[in-house]
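First up is the structure itself, then whatever we jot down about it.
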Amino acid sequence: MSPRDNQNEVLSGGNEANINGTTESPERENADYYTNQPEHNDGWRHLVRNFTPAWFSVNMGTGITSILLNTLPYNGRWLYWISVVIFCLNILLFVIFFAITILRYVLYPKIFYLMVTHPTQSLFLGTLPMGFATIINMICYVCVPVWGDWAVYLAWALWIADVVVSILICFGIPFIVYGHANPFLQGTIKTDSRPRMTRTADSKLQAMGAAWLLPIVSCVVAAASGGIVADLLPDPQYALGTIIVSYVLWGIGVPLAMMVIVIYLMRLMLYKLPQKAAIVSTFLPLGPLGQGGFG
């Protein structure tokens with residue numbers, strides 16, 4: 001699923017308040033207000049309002065390309081400089097995406113509620129720490145040999161921040177989306193003359209996608225990056241602590257990812273392949289398997 005496909009699926013145009021035919025909420029009514037204002041539907045405001053976390057998947061692809069070029073076993077000097085150029089491009093893209101993300105929720109704070117509670121778009125928050133981890137890895141590969149020990153501690157500090165965000169997303173997003181009264185996964189029924197909220201078909205097995213893995217894999221990626229950072233830390237106590245935290249992250253991410261993969265395989269066996277627009281997402285289980293093995 002491309003960032004543009006994900007953007008068109010959720011929170012684009014005037015569809016914020018009508019996704020899945022759910023009932024209106026004050027948050028969505030306030031967000032829908034912007035779609036009725038001409039100044040919010042053109043130019044940079046339109047771009048900012050419709051920007052989604054899925055764009056951070058671009059950092060994942062760009063970052064891993066720079067890492068692969070830098071770590072090829074039969075490397076050449078020209079490949080090294082190409083990896084440096086792509087690394088700089090990745091940093092530029094991440095800064096731009098992060099700045100637009102902050103601007104989006106500063107200008108349209110009600111949209112944050114819609115995004116973080118949506119069963120599809122919120123899952124792509126996991127791409128943020130994973131894209132950031134590729135930058136940390138390249139700092140270790142490229143900057144540390146040139147800049148010295150202070151670059152190691154820079155990478156370590158960035159890794160700690162990445163760990164905190166990864167844990168919050170790994171546990172927070174599934175709890176918010178599926179563990180409480182979510183307006184996107186609810187319908188209204190009447191029992192004993194009282195309206196109650198109940199989940200609709202969107203929370204059933206056939207609606208499950210491989211994107212469920214994205215928040216979980218962020219911990220697996222952070223664990224793998226921790227091993228790279230710990231190998232460079234000059235203080236053995238800091239390195240030991242980093243390794244222990246990485247093992248904990250690996251123990252959190254890999255078993256959870258295996259559980260989700262089992263559910264996803266059952267969904268494929270019972271309900272066949274997903275729609276054409278989401279067929280690429282079937283490769284997502286490779287993420288926790290590959291990173292889990294590397295970590």
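Worth saying up front: this structure is predicted, and the values here are computed from it rather than measured.
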Could you check, using the six-membered ring where one of them is a Trp, whether Y264 and W212 have ring centers closer than 6.0 angstrom?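 Centroid separation for Y264 and W212: 6.0 Å or greater.
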Centroid-centroid distance, F94 to F132, less than 6.0 Å: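 When the ring centroids of F94 and F132 are compared, they turn out to be within the sub-6.0 Å range.
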Heavy-atom pair of closest approach, residues [X] and [Y]:
{"X": "G126", "Y": "S218", "answer": "O-CB, 4.0 Å"}
{"X": "A223", "Y": "L249", "answer": "CB-CB, 3.8 Å"}
{"X": "C140", "Y": "P145", "answer": "O-CD, 3.7 Å"}
{"X": "L214", "Y": "M130", "answer": "O-CE, 3.6 Å"}
{"X": "V163", "Y": "A222", "answer": "CG2-CB, 4.3 Å"}
{"X": "L69", "Y": "S83", "answer": "CB-CB, 3.8 Å"}

For the residue pair T134 / N90, report whether a side-chain donor-acceptor contact shorter than 3.5 Å exists.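 Looking only at side-chain atoms, T134 and N90 do form a donor-acceptor pair, the distance falling under 3.5 Å.
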If you define the side chain from C-beta out and look only at heavy atoms, does anything of [X] sit under 4.5 Å from [Y]?
{"X": "L123", "Y": "P215", "result": "yes"}
{"X": "Y153", "Y": "D235", "result": "yes"}
{"X": "I100", "Y": "L47", "result": "yes"}
{"X": "T101", "Y": "P53", "result": "no"}
{"X": "L125", "Y": "M115", "result": "yes"}
{"X": "S246", "Y": "W159", "result": "yes"}
{"X": "Y141", "Y": "I228", "result": "yes"}
{"X": "I67", "Y": "F87", "result": "no"}

Hey, is the main chain of [Y] close enough, under 3.5 Å, to the side chain of [X] for a donor-acceptor pair?
{"X": "R104", "Y": "F51", "result": "yes"}
{"X": "N70", "Y": "S66", "result": "no"}
{"X": "W55", "Y": "F97", "result": "no"}

When rounded to the nearest 0.5 angstrom, what is the spacing between [atom1] in [X] and [atom2] in [Y]?
{"X": "Q121", "Y": "I173", "atom1": "CD", "atom2": "CD1", "answer": "10.5 Å"}
{"X": "I167", "Y": "I252", "atom1": "CD1", "atom2": "CD1", "answer": "5.5 Å"}
{"X": "I135", "Y": "D162", "atom1": "CD1", "atom2": "CG", "answer": "9.5 Å"}
{"X": "L107", "Y": "I102", "atom1": "CG", "atom2": "CD1", "answer": "11.5 Å"}
{"X": "N137", "Y": "S225", "atom1": "CG", "atom2": "OG", "answer": "3.5 Å"}
{"X": "L89", "Y": "T65", "atom1": "CG", "atom2": "OG1", "answer": "10.0 Å"}

Do the side chains of [X] and [Y] join up, straight or via other hydrophobic residues, at under 4.5 Å, putting them in one cluster?
{"X": "V84", "Y": "L79", "answer": "no"}
{"X": "V48", "Y": "V95", "answer": "yes"}
{"X": "L92", "Y": "L154", "answer": "yes"}
{"X": "Y247", "Y": "V220", "answer": "no"}
{"X": "L270", "Y": "V262", "answer": "no"}

Might you confirm whether atom OH of Y238 has over 12 heavy atoms from other residues, nucleotides or ligands at distances under 6.0 Å?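 No, because the 6.0 Å sphere around OH of Y238 holds 12 heavy atoms or fewer from other groups.
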Could you tell me whether F112 atom CZ has more than 12 heavy atoms of other residues or ligands within 6.0 Å of it?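 No - once you tally the heavy atoms of other residues, nucleotides and ligands closer than 6.0 Å, there are 12 at most.
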Could you check whether the rings of W147 and W150 sit parallel, tilted or perpendicular, using 30° and 60° as the cut-offs?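 Ring orientation of W147 relative to W150: parallel.
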Under the side-chain contact (heavy atoms from CB on, under 4.5 Å) criterion, do L93 and T62 qualify, and how do the steps go? CA-CA 9 Å; L93 289 174; T62 307; 4.1 Å; yes
Please name the residue in the list L233, L232, I139 that meets the side chain to side chain contact (heavy atoms under 4.5 Å, CB included) test with W156.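 Single pass found, and it is L233.
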